[in-house]
> 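Dumping the structure here so I can ask a few things about it.
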There are 2 protein chains.
Amino acid sequence: MVPTSHAEYPPDLSPEEEQYLLSNLKDWSIAHGLAVRPAPSFVSAAQDPSGVLATTAPVTLFPSLFPRTCFDEGLGIQTAYNELYSAIARDEAWLQSIIEGLVEIDDFTGKLWQTHLAVKKEGYVQDLSLGLFRSDYMVHIDPDSSHSSPRLKQVEFNTIASSFGGLSSRVSTLHKHLLAIDAYPASTATVIKADALRQSKSASSLAQGLAAAHKAYGLSRTQRPLCVLFVVQDPERNVFDQRHLEYALLEESGVRAFRLPFQQTLSHTSLEADRTLVYTPPNTPSISYEVTTIYFRAGYSPDDYPREEEWDARLHLERSRAIKCPSILTHLAGCKKVQQVLATPHSPHLKRFLPDERVASRILSTFAPIYPLDESEAGKQAKELAGDPTSAVRYVLKPQREGGGNNIYRRAIPPFLQSLPATHWPAYILMEMIEPPPLKNAILRNGELHKGGVIGELGVYGVCLWRNGSDGGGSGEILQNWEAGYLLRTKGDQSEEGGVAAGFGAVDSCCLVDS
Amino acid sequence: MVPTSHAEYPPDLSPEEEQYLLSNLKDWSIAHGLAVRPAPSFVSAAQDPSGVLATTAPVTLFPSLFPRTCFDEGLGIQTAYNELYSAIARDEAWLQSIIEGLVEIDDFTGKLWQTHLAVKKEGYVQDLSLGLFRSDYMVHIDPDSSHSSPRLKQVEFNTIASSFGGLSSRVSTLHKHLLAIDAYPASTATVIKADALRQSKSASSLAQGLAAAHKAYGLSRTQRPLCVLFVVQDPERNVFDQRHLEYALLEESGVRAFRLPFQQTLSHTSLEADRTLVYTPPNTPSISYEVTTIYFRAGYSPDDYPREEEWDARLHLERSRAIKCPSILTHLAGCKKVQQVLATPHSPHLKRFLPDERVASRILSTFAPIYPLDESEAGKQAKELAGDPTSAVRYVLKPQREGGGNNIYRRAIPPFLQSLPATHWPAYILMEMIEPPPLKNAILRNGELHKGGVIGELGVYGVCLWRNGSDGGGSGEILQNWEAGYLLRTKGDQSEEGGVAAGFGAVDSCCLVDS
């Protein structure tokens, strides 16, 4: 059998091969909780009012090829990234200088900042802060050079609600299982090998991060049992991803956690006089818990705040003595503007947070050039690049907010900017497009199989627990700092050639190749 | 809080308690593969043509109360039951004396017996035989005595395709989890305690049975890789139950297994000249496997044999050198007639197989009286009991076949027998009804909650591997014999008071009580 070359990967499957692979994938995934609640377009609420149906999470049939050097670099620098973002979150003065340019043009960022100021006025009572981060990258091949080696370029850095840590561990186990049962054709044996597949430890490792914060909180001040609070959206289709962290936290560390829909925060939590956060589960009104750690899986999007009450809830939680994952300052450190400021060519900021030049230069090498759209020299240059259809094709325009789905690409940039008052331009950043190598894969999603060109995005998880200094000026100390596994998210490329539609994301795992 | 007494168990839940329990149950079950494919009445094939949806397996919200003495006795005598049925399966002459009365009136039993005879004529080439048994019981309270203690009475003994071993392990873990997260009201704390809940080890233990047979088979005779073959129905809604055994077999013992739909047997398997069984997976036509062990999860019902080809397939498998789980003689040993002969009052047969009187008397004490409907003295007595509406209310009429759903109860017996030619009466046995104690529980099934009176059935799994003697007259030796965990299956009682409808079964776990 002729070995599959990387260009031909993954191979076409015979109907029998595909049937075997799919039936094993579909059964294994449900048997191991690699699942999501079905989309309303697939199963309506009327059909399943109590919500008992589930389906295989969108996954790739094959582990996608990923350059070994890039993978190793991504995981290798995660602790440096943790250090960087912890330092940013501790440097209120610097963050303020970045955020103050945004508050006028981005209500959401403004509201977050005001929430911070309100708590600051009263004084924070918790100096510990937890980050469960995820740094997202794509592999970049310089289109102007035919012999350049692939390099890892950062797409964004997530400081709040980094998802898929629970499912990612399972999808790498799935691909290993499919290999073990010969679901991959023999022609792939030189590519899909046990030592090329990378197990993600994210579920367990992120749960250990929560357990570390829980333990660092110390003893109860109110003689209540202690718990971690997952503040969540409701309903949540990706609930199993979150549950896997909750189960790992209970099984591996013996720590209780509760799920609290963000919009019910004020009904079920209260603050003691010393701002200890107390959670009373609705099912046991006579037993309440002291919350050690708030894990936000909601609150990152303006949609999570339909009423003023949600802002009250965020303030209420932020005022509390519980350790926040993340605190508002850490949340704000993840805004695109921070990424842009760090990645603006010749920016002086990185060395402020990472004095070790060797570390800073490794981080710097993962930045794609990002420009502000403001009155600075770099901003003026960027406006020219973005306004010209010829140069705009190499860029993407992104709003400051996290959440995705709001980016403007290439040719669409000039007309979009023209439609916007120039005063609103600074709410966006201009980023050089990362040009990933062409890849193929097949994705199972809602029971449908999509084959074709794909783009992979590597997310590296990081856990960081630190103590903020009392001066708000960057002092403090890091207590825990580790790399916490990875996510490979693969979606259809934007080629018009059919196949996997753009945006059809799936959870994937890495099959490392020496490029 | 007032402790819940056994009569009030389980307690009514407040809406908040029910919501908390159900949301945790629904998420935990899918996250841990306690699942089934949805019934066509719930999700049509047209809606989910590729079969990716799954739902929580029917489960009870609470572990059901079960008398500790009965539980201990059921598990304690399982190895004796394994010994008994192994001895019956090895005693062809005795089995023949039982079966020959049936072949005229029950085609299915007749066909199985003919298959055995055909192989016997040629000579069996495999003297090892594996049983993954399940002995099913109910708790019996003598209705004529107000102070009698509960006793365990056998419903039936399954020698083929004993199901739910995979899911049973998980439901006992589920109930433990619900206890750990305080999903059970505090009033139940004196009942639902960690030391009252019993973990079933069935998934792992049954897989170890398959691994033991696989190992006992010895080296490949054909230089092929070895495998276990799960012969299955297709489609199979209860697939995860079976998959959990397959995964445990691979993960804990490193043994490969394949699923082969029974009706595809002749397309994908072949016999070498020495009757080594070779399986060629359709996805890898160039790689074939030598089958060490055939695990039948199909072939137990006449519905599995729609064409003569399926009988050819059964003969083909039975002729092979692979170890059968079960062999045809073992399969036949599970027929109701055998149970009836053993359990007919004053029957001499039990001591033939269990010479140790103490062991035999423990087994005997689990029999409910069973009568034949033939010309024997016991049979004549039974016909009178069954024909009289007054006495018939204490009995159930069962056909010889396994599979369930064909029993005739109490008042329905006399008219049913009158509608049947008297020559067909011997195809049935008359069994004294087991009168279980009144229990309540709540069952989640297809997303609907059913509350009310229930009946619990305890199944005890057993693994037995033996070598048949060369004389077919009962010689041979037992190589492995262990109790392999339990199943509690709970279904609605037949009370007319509403609640859980009869036949609405669910997987459950035992909460032991001292009666």
Side-chain angles (χ1 to χ4, degrees), chain A residues 1 13-24 26-33 35 37-38 42-43 47-56 166 177 180-183 185-186 239-240 242-244 246-247 250-251 256-259 281-287 444-449, chain B residues 1 13-24 26-33 35 37-38 42-43 47-56 166 177 180-183 185-186 239-240 242-244 246-247 250-251 256-259 281-287 444-449:
Chain A
M1 194 164 288
L13 298 179
S14 70
E16 293 79 13
E17 287 171 338
E18 187 170 294
Q19 203 277 334
Y20 180 75
L21 193 160
L22 277 176
S23 66
N24 276 285
K26 288 184 285 190
D27 288 349
W28 191 97
S29 57
I30 296 296
H32 294 80
R37 295 292 178 196
F42 188 17
V43 175
Q47 181 180 3
D48 181 23
S50 56
V52 291
L53 288 171
T55 184
T56 295
H177 176 74
I181 62 165
D182 302 314
V239 63
F240 306 109
Q242 302 174 4
R243 287 288 199 184
H244 288 310
E246 177 188 333
Y247 301 145
L250 183 63
E251 283 154 31
R256 281 294 298 280
F258 291 93
R259 293 174 64 78
N283 60 306
T284 59
S286 62
I287 305 172
L444 179 70
R445 194 183 166 94
N446 289 344
E448 289 169 10
L449 198 57
Chain B
M1 194 164 289
L13 299 178
S14 70
E16 293 78 12
E17 286 171 339
E18 186 171 296
Q19 202 277 334
Y20 180 74
L21 194 161
L22 277 176
S23 66
N24 276 285
K26 289 185 284 190
D27 288 349
W28 192 97
S29 58
I30 295 296
H32 294 81
R37 295 292 178 195
F42 187 17
V43 175
Q47 180 180 4
D48 181 23
S50 55
V52 291
L53 288 172
T55 185
T56 295
H177 176 73
I181 62 164
D182 302 316
V239 63
F240 306 109
Q242 302 175 3
R243 287 288 198 183
H244 288 311
E246 177 188 333
Y247 301 145
L250 183 63
E251 282 154 31
R256 281 293 299 278
F258 291 93
R259 293 175 64 79
N283 62 306
T284 59
S286 62
I287 305 173
L444 180 70
R445 193 182 166 96
N446 289 343
E448 288 169 10
L449 199 57

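Chain naming here is simple, since letters A, B, ... match the order of the sequence lines and numbering starts at 1 in each. All values derive from a computational prediction rather than experimental measurement. For the numbers below, each heavy atom of this structure counts, side chains included, while hydrogens, waters and symmetry mates do not.
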> Below 30° counts as parallel, above 60° as perpendicular, anything between as tilted: where do the rings of A:Y247 and B:H177 land?
perpendicular

> Can you tell which of A:E17, A:E18, A:Q19 has the highest number of heavy-atom pairs within less than 4.5 Å of chain B?
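Of the options given, most contacts go to A:E17.
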
> Give, as side chain, backbone, both or neither, the part of A:L250 having an atom under 4.5 angstrom from any heavy atom of chain B.
side chain

> For the CD atom of B:Q242 and the CG atom of A:D27, what is their distance to the nearest 0.5 Å?
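Rounded to the nearest 0.5 Å, the CD-CG separation comes out at 9.5 Å.
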
> If you define the side chain from C-beta out and look only at heavy atoms, does anything of B:K26 sit under 4.5 Å from A:R37?
yes

> Name the region of B:L21, side chain, backbone, both or neither, that has any atom closer than 4.5 Å to a heavy atom of chain A.
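No part of B:L21 comes within 4.5 Å of chain A.
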
> Just how far is it from atom OG of B:S50 to atom CG of A:L444, taken to the nearest 0.5 Å?
6.5 Å

> May I ask you to name which of B:V43, B:L53, B:L22 has the most heavy-atom pairs under 4.5 Å with chain A?
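Option with the greatest count: B:L53.
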
> I want to check something: taking the side chain as every heavy atom from C-beta on, are B:I30 and A:V239 in contact at a cut-off of under 4.5 Å?
no

> Tell me, with the steps shown, if B:E448 and A:V52 meet side-chain contact (heavy atoms from CB on, under 4.5 Å).
CA-CA 9 Å; B:E448 288 169 10; A:V52 291; over 6 Å; no

> Under 4.5 Å from any heavy atom of chain A, what part of B:H244 do you find: side chain, backbone, both or neither?
side chain

> Go through the atoms of B:A35 and report whether side chain, backbone, both or neither lie under 4.5 Å from a heavy atom of chain A.
side chain

> Which one wins on heavy-atom pair count under 4.5 Å against chain B: A:L449, A:N24, A:T56, A:L13?
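Of the options given, most contacts go to A:N24.
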
> Flag the one option from A:D48, A:D182, A:T284 with the top tally of heavy-atom pairs under 4.5 Å to chain B.
A:D182

> Give, as side chain, backbone, both or neither, the part of B:P282 having an atom under 4.5 angstrom from any heavy atom of chain A.
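Interface part for B:P282: both.
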
